[in-house]
Amino acid sequence: MKRSQDKPEILLEHHLKALRLPVFFRERQKTAAQCAKEQADYGEFLLRLSEAELLERERKGTERRIKTARFPARKSLDDFDFLAAPSLGKAQVLELARCEWIEKRESLVLMGNPGTGKTHIATALGICACQRGLATRFFTATGLINAMLEARSEKALLRLQAQLAKAPLLIVDELGYVPFSKTGAELLFEIFSQRYESGSILVTSNLPFEEWTSVLESERLTGALLDRLTHRAHILAIEGESYRLAQSRRRRCTARQEKAGSHSPEAAPSS
Ligand code: ADP
Ligand code: MG
């Protein structure tokens, strides 16, 4: 008796596994009980299970893309204090978070002094892309060049380039801190050329375009790279000083005021 009762369950588990529907199997009894309680029909039962399966699949896909992207940290636009970066239009950043620019294969350049939130915004936008199903890769400019040099010495450069080309969004962070070797600059140029109109690049830099020659060395190469990058590009500048520096200055200032306040005659208890 028990065996014949178990059989459909075992078969169901097998079939749902073979169909890769683990949430259907896991949630079937709970959903059935809920549907019975609410007198929901079979159609509703199937709908609820398929929605749960779909949500789980999307969540896992997003997690996988975030892991593959190798962001330096998890950052979101919700944690970003737009009041501290008034030159950066919040509406424009929220629009970019919808990722239509990536679907249109446009580029984005974020410029600003160190500590103004370029990596934060780049990461947050990259995570938005991952949530929308768009594969993303994050590198510092130096890290990308090193990865390519290493791949080249192992005769795996074409494979790396093909891997990068598959991602609709490539983030190149920190262009400008370290000058590149001639080969490094050429490899970076090659990546930018390959992606031109076939994928999006998000570049962050502490340098204005006029100064990019100082890291890419060759004026000719810089011109050609900028020509590709800035054609159909969104260019955002974050003005001001480092966010953390401003914060710690504010904290010190508040502490001084509090200290002064506790010693001032008005603050002292009258006797
Ligand atoms: P950058 O890449 O421009 O040098 P980061 O993005 O690394 O700057 O910012 C440095 C730190 O300050 C990070 O921890 C970042 O999250 C934080 N930060 C910078 N700007 C803001 C901001 N406007 N709101 C909240 N956090 C910020
Ligand atoms: Mg940075």
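These numbers come from the heavy atoms of this one structure, side chains and all, not from hydrogens, waters or symmetry mates. Whatever order the structure lists them in is the order used to number ligands and atoms, beginning at 1.
- Close approach of ligand 1 to Lys75 is summarised as follows: ligand atoms under 4.0 Å from at least one heavy atom of the residue are 13 (C), 14 (O), 15 (C), 16 (O).
- Ligand 1 has at least one atom lying under 4.0 Å from a heavy atom of Gly115.
- Ring orientation note: the planes of His231 and Tyr196 are tilted relative to one another, at an angle of 30° to 60°.
- Using a 4.0 Å cut-off between heavy atoms, Lys118 contacts ligand 1 through both its backbone and its side chain.
- Taking every heavy atom of Thr116 and a limit of under 4.0 angstrom, the matching atoms of ligand 1 come to 1 (P), 3 (O), 8 (O), 20 (N).
- Using a 4.0 Å cut-off between a side-chain N of Lys or Arg and a carboxylate O of Asp or Glu, Arg28 and Glu9 qualify as a salt bridge.
- Asn206 and Leu175 make their closest contact through OD1-O, 3.5 Å (heavy atoms, listed as atom of the first residue, atom of the second, distance).
- Within the 2.8 Å limit, Thr204 places no N, O or S atom next to the Mg ion (ligand 2).
- Atom CG of Leu236 and atom CE of Met111 lie 10.0 Å apart (nearest 0.5 Å).
- Under the 6.0 Å distance and 45° angle rule, Arg48 does not count as a cation-pi partner of Phe45.
- At a threshold of 4.5 Å between non-hydrogen side-chain atoms, the residues His120 and Asp79 count as touching.
- Under a 4.0 Å criterion applied to the non-hydrogen atoms of Pro114, ligand 1 contributes the atoms 4 (O).
- Residue contacts with ligand 1: Thr119 is placed with a nitrogen or oxygen under 3.5 Å of a nitrogen or oxygen of the ligand (distance criterion only).
- Listed by number with element, the atoms of ligand 1 under 4.0 Å from a non-hydrogen atom of Asn113 are 3 (O).
- Protein heavy atom in closest approach to atom 16 (O) of ligand 1: His120 ND1, 2.6 Å.
- At a 4.0 Å cut-off, not a single heavy atom of Asp173 sits close enough to ligand 1 to count as contact.
- Annotation: Ala84 places no N or O atom under 3.5 Å from an N or O atom of ligand 1; distance criterion only.
- Inter-residue side-chain proximity for Phe24 and Leu46 is flagged as met; some heavy-atom pair is nearer than 4.5 Å.
- When the options Tyr177, Phe82, Tyr243 are ranked by their closest heavy atom to atom 20 (N) of ligand 1, first place goes to Tyr243.
- Ranking protein heavy atoms by distance to atom 22 (C) of ligand 1, first place goes to Phe80 CE1, 3.3 Å.
- Within the 4.0 Å heavy-atom criterion, neither part of Glu174 lies near ligand 1.
- Contacts with ligand 1 closer than 4.0 Å are made by no heavy atom of Ile238, backbone or side chain.
- For Arg249 and Glu241, the salt-bridge test passes: some basic side-chain N is under 4.0 Å from an acidic carboxylate O.
- Ile171 pairs with exactly one of Thr136, Val203, Leu144, Thr119 by the side chain to side chain contact (heavy atoms under 4.5 Å, CB included) rule, that one being Thr136.
- With hydrogens left out, the protein atom closest to atom 23 (N) of ligand 1 is Asp81 O, 3.0 Å, a heavy atom.
- Counting heavy atoms from C-beta outward, Asn113 and Thr116 have side chains that approach closer than 4.5 Å.
- When hydrogens are left out, the protein atom nearest atom 8 (O) of ligand 1 is Gly117 N, 3.1 Å; that is the closest non-hydrogen contact.
- By the 4.0 Å N-to-carboxylate-O rule, Arg59 lies too far from Glu63 to be salt-bridged with it.
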